[in-house]
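Below is one structure, written out as structure tokens; comments come after it.
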Amino acid sequence: MRMVSGNMSRESTGMQIKQLKKKIQEYDFAIVETSLFLDTHPHNKKALAYYLKLRKEREKLANEYENSKGPLTIYGNMNEQAWDWVKGPWPWEGEN
Amino acid sequence: MWIYEKKLQYPVKIKNPNPAAAKVIITQLGGPDGELNAAMRYLNQRYSMPYDKVKGSLTDIGTSCFLRYPN
């Protein structure tokens with residue numbers, strides 16, 4: 001695991017990168033679906049609570065991912081020594 | 001307005017590449033009546049919508065069409 005400056009104080013889930021990425025993809029799917037529902041039901045308390053729960057958990061996982069593997073967006077390049085964003089493989093190149 | 005994630009929507013492993021199927025799929029995306037055309041309509045029509053709910057839906061659904069692009 002490459003150590004970079006950033007959120008060193010966070011607990012790690014102990015997951016492997018591939019597992020971590022898959023978990024993030026799962027949460028993202030749920031978040032997108034929930035957000036589409038909330039667009040037309042903006043005051044639905046149950047949906048809002050669900051969204052909040054999803055987002056908190058997703059944030060934790062994404063932070064861990066970005067601090068160990070690399071950025072998910074251009075805002076997440078944690079490595080202060082290099083622009084990891086451009087490093088391969090890119091999503092269509094079969095690394096999964 | 002524009003931000004994207006460097007990850008697929010879900011893990012993909014193509015065991016048997018099928019160019020014929022790929023052709024059909026890409027037509028669904030960019031061909032006539034494809035998702036891209038729909039996305040452009042939604043993204044342009046949201047400006048004349050009077051209701052927040054509709055502006056939100058049109059924007060979210062219109063931009064979600066780009067989810068189809070592996071990026």
Side-chain angles (χ1 to χ4, degrees), chain A residues 15-44 47-48 51 55 58-59 61-79 82-96, chain B residues 1-31 33-71:
Chain A
M15 282 192 239
Q16 292 187 329
I17 290 297
K18 209 168 180 180
Q19 224 182 331
L20 197 54
K21 193 172 206 178
K22 184 148 188 285
K23 271 278 153 217
I24 295 173
Q25 287 167 326
E26 288 172 17
Y27 276 97
D28 281 350
F29 174 77
I31 288 170
V32 169
E33 295 300 305
T34 309
S35 71
L36 288 174
F37 175 80
L38 283 166
D39 279 349
T40 47
H41 305 75
H43 302 292
N44 185 307
L48 277 166
Y51 165 79
R55 195 187 64 195
R58 197 266 183 193
E59 212 169 291
L61 296 171
N63 274 327
E64 186 178 332
Y65 181 89
E66 288 188 320
N67 279 305
S68 57
K69 176 75 190 279
L72 287 168
T73 69
I74 59 169
Y75 302 103
N77 196 86
M78 300 299 175
N79 187 349
W83 185 238
D84 284 343
W85 172 252
V86 86
K87 249 180 24 188
W90 277 74
W92 61 87
E93 288 175 332
E95 174 238 25
N96 259 313
Chain B
M1 183 248 192
W2 156 85
I3 175 180
Y4 69 91
E5 286 191 314
K6 195 178 169 187
K7 74 176 200 329
L8 294 177
Q9 232 184 320
Y10 43 79
V12 169
K13 239 189 188 106
I14 299 182
K15 292 188 196 129
N16 305 306
N18 184 338
K23 207 171 175 190
V24 173
I25 292 169
I26 213 130
T27 314
Q28 296 292 2
L29 189 48
D33 284 328
E35 285 187 54
L36 226 40
N37 285 326
M40 287 304 121
R41 284 198 297 279
Y42 301 160
L43 293 177
N44 281 298
Q45 286 166 6
R46 62 193 164 133
Y47 300 122
S48 50
M49 285 296 150
Y51 305 107
D52 278 344
K53 292 182 184 181
V54 185
K55 291 179 214 181
S57 296
L58 286 177
T59 305
D60 290 353
I61 296 176
T63 53
S64 78
C65 294
F66 290 95
L67 270 179
R68 306 287 175 262
Y69 284 102
N71 205 89

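Basis for what follows: all heavy atoms, side chains included, without hydrogens, waters or symmetry-related copies. Naming convention: chains lettered A, B, ... in sequence-line order (proteins, then strands); numbering from 1 in each chain.
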* To do: Measure the spacing between CD of B:Gln28 and CD of B:Glu35 and express it to the nearest 0.5 Å.
  => 7.5 Å
* Rounded to the nearest 0.5 Å, how far does CD1 of A:Ile24 lie from NZ of A:Lys21? -> 8.5 Å
* Structure fact -> Sorted by chain and residue number, the side-chain contact (heavy atoms from CB on, under 4.5 Å) partners of A:Leu48 (sequence neighbours excluded) come out as A:Leu38
* Between A:Pro91 and B:Lys6, is any pair of side-chain heavy atoms under 4.5 Å apart? -> yes
* Residue pair A:Asp28, B:Glu5: steps toward the side-chain contact (heavy atoms from CB on, under 4.5 Å) verdict -> CA-CA 11 Å; A:Asp28 281 350; B:Glu5 286 191 314; 3.4 Å; yes
* Asked: Of the listed residues (A:Trp85, A:Tyr75, A:Phe29), which shares the most heavy-atom pairs with chain B below a 4.5 Å separation?
  -> A:Trp85
* Asked: How long is the gap from NZ on A:Lys22 to CD on A:Gln19, to the nearest 0.5 Å?
  -> 9.0 Å
* **Inter-chain contacts: residues 54-67 of chain B against chain A, heavy atoms under 4.5 Å** => B:Gly56, B:Ser57, B:Asp60, B:Ile61
